Trainee: 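I'd like to ask some things about the structure below.
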Amino acid sequence: MAISKLDLPVGVLARSLDNPSHLADALAQRVAEALRAALDSHGQATLVVSGGRSPIAFFAALAQQQLAWSQVTVSLADERWVPLGHADSNESLVRAHLLQGRAAEARFVGLYQADASLEGAAQKAEAALAALPAIDVLVLGMGDDGHTASLFPGNPLLADALSQKCSRSCLPMQAPSLPHQRLSLTLPRLAAARTQLLAIQGPGKLATLTQALAGDDPLQLPIRAFLHAPLEIYWCP
Ligand SMILES: O=C(O)C(O)[C@@H](O)[C@H](O)[C@H](O)COP(=O)(O)O
């Protein structure tokens, strides 16, 4: 299945790149363009990125972009509940690969909070997010199981997190993979982003996306909740 053959909902765009390096460059250019538009329109810009392993080349390419970085706030779509410096910390990943060079001037609002419980940490993250303006640019990833951010199938709080009526911006989540304890932004917060981008690599994820496009229950494949305009999908083999 080629991404150009997918039956996409009206207003959803898909772009196919030759390889991960070209995807990283094209995505960085698109994100920079959207951040510049936000800076032109309201003098500041908010970028929310995802973690995992695949964004490293994209972060490095984005950090090279000429932007008024001091007016940009960077945050995360989700976080693993591990402190800064842990190998699985998304904040550490962003600090090491995106907030470098001129991009180090950006303000960063992280989700990790120390607390006795994951729910307590989610509430503290919620308070930190309250000061964050609406998201201008959102970059999502997706797992082979159809999760995005840390919105995993089978999670007891998934229905709440995927409800447009959810009053929380951040909820505690349990992942099937280590580390299990996660914090995730919820659908209303994520889906309000002005520019929404999904970056995926490999035939396995294309197969999951194809399956998601064919069905309608986001509890089975949470990415379904995001498959509508203005989503732009970036894919490479
Ligand atoms: O912190 C995380 O794990 C995520 O934000 C997660 O949703 C990620 O985007 C996907 O698991 C895809 O990760 P890869 O692109 O590295 O496969």
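No experiment lies behind these values; they were computed from the predicted model shown. Read the numbers this way: they start at 1 and go in the same order the structure lists the ligands and their atoms.
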Trainee: Answer yes when E232 and R30 have at least one side-chain N-carboxylate O distance shorter than 4.0 Å, and no when they do not.
Mentor: yes
Trainee: Would you mind listing which atoms of ligand 1 come within a distance below 4.0 Å of any non-hydrogen atom of K205?
Mentor: 12 (C), 14 (P), 15 (O), 17 (O)
Trainee: Have a look at D78, L76, L198, D88 and point out the one with the heavy atom closest to atom 2 (C) of ligand 1.
Mentor: D78
Trainee: May I ask you to check if ligand 1 and H147 share an N or O to N or O distance below 3.5 Å?
Mentor: yes
Trainee: Find all atoms of ligand 1 within a distance of less than 4.0 Å from any non-hydrogen atom belonging to N90, and give their numbers and elements.
Mentor: 1 (O), 2 (C)
Trainee: Distance only, no hydrogens: is a donor on one side chain within 3.5 Å (strictly under) of an acceptor on the other, for E119 and Q123?
Mentor: yes
Trainee: Distance alone, cut at 3.5 Å: any donor-acceptor contact between the side chains of R107 and T73?
Mentor: yes
Trainee: Looking at atom 9 (O) of ligand 1, what's its closest protein heavy atom, distance included?
Mentor: G141 CA, 3.4 Å
Trainee: Nearest protein heavy-atom contact for atom 15 (O) of ligand 1: which residue, which atom, what distance?
Mentor: S54 OG, 2.4 Å
Trainee: Closer than 4.0 Å to some heavy atom of R182 - which atoms of ligand 1 meet that?
Mentor: 3 (O)
Trainee: Using heavy-atom distances, let me know which of S50, A149, G143 sits nearest atom 6 (C) of ligand 1.
Mentor: A149
Trainee: So, K205 and D144, do they make that salt bridge, N to O below 4.0 Å?
Mentor: no
Trainee: Give a yes/no on ligand 1: does R80 have at least one heavy atom closer than 4.0 angstrom to it?
Mentor: yes
Trainee: Strictly distance-based, threshold 3.5 Å: is any side-chain N or O of Q71 a donor or acceptor partner for the main-chain N or O of A68?
Mentor: no
Trainee: I need the contact type for I200 against ligand 1. Using non-hydrogen atoms and a strict under-4.0 Å cut-off, is it side chain, backbone, both or neither?
Mentor: neither
Trainee: Nearest protein heavy atom to atom 8 (C) of ligand 1, by residue and atom, and its distance?
Mentor: G51 O, 3.9 Å
Trainee: If we set the cut-off at 4.0 Å for heavy atoms, which region of Q201 has an atom near ligand 1: side chain, backbone, both, or neither?
Mentor: neither
Trainee: Taking the minimum heavy-atom distance to atom 12 (C) of ligand 1, which of E79, M142, R53 ranks first?
Mentor: M142
Trainee: So, D78 versus S150: side-chain donor-acceptor pair below 3.5 Å or not?
Mentor: yes
Trainee: Tell me whether the centres of the aromatic rings in H97 and F59 are closer together than 6.0 Å.
Mentor: no
Trainee: Check whether the side chains of H147 and N155 place a donor and an acceptor atom closer than 3.5 Å, and report yes or no.
Mentor: no
Trainee: Under 3.5 Å, is there a donor-acceptor pair between the R102 and Q65 side chains?
Mentor: no
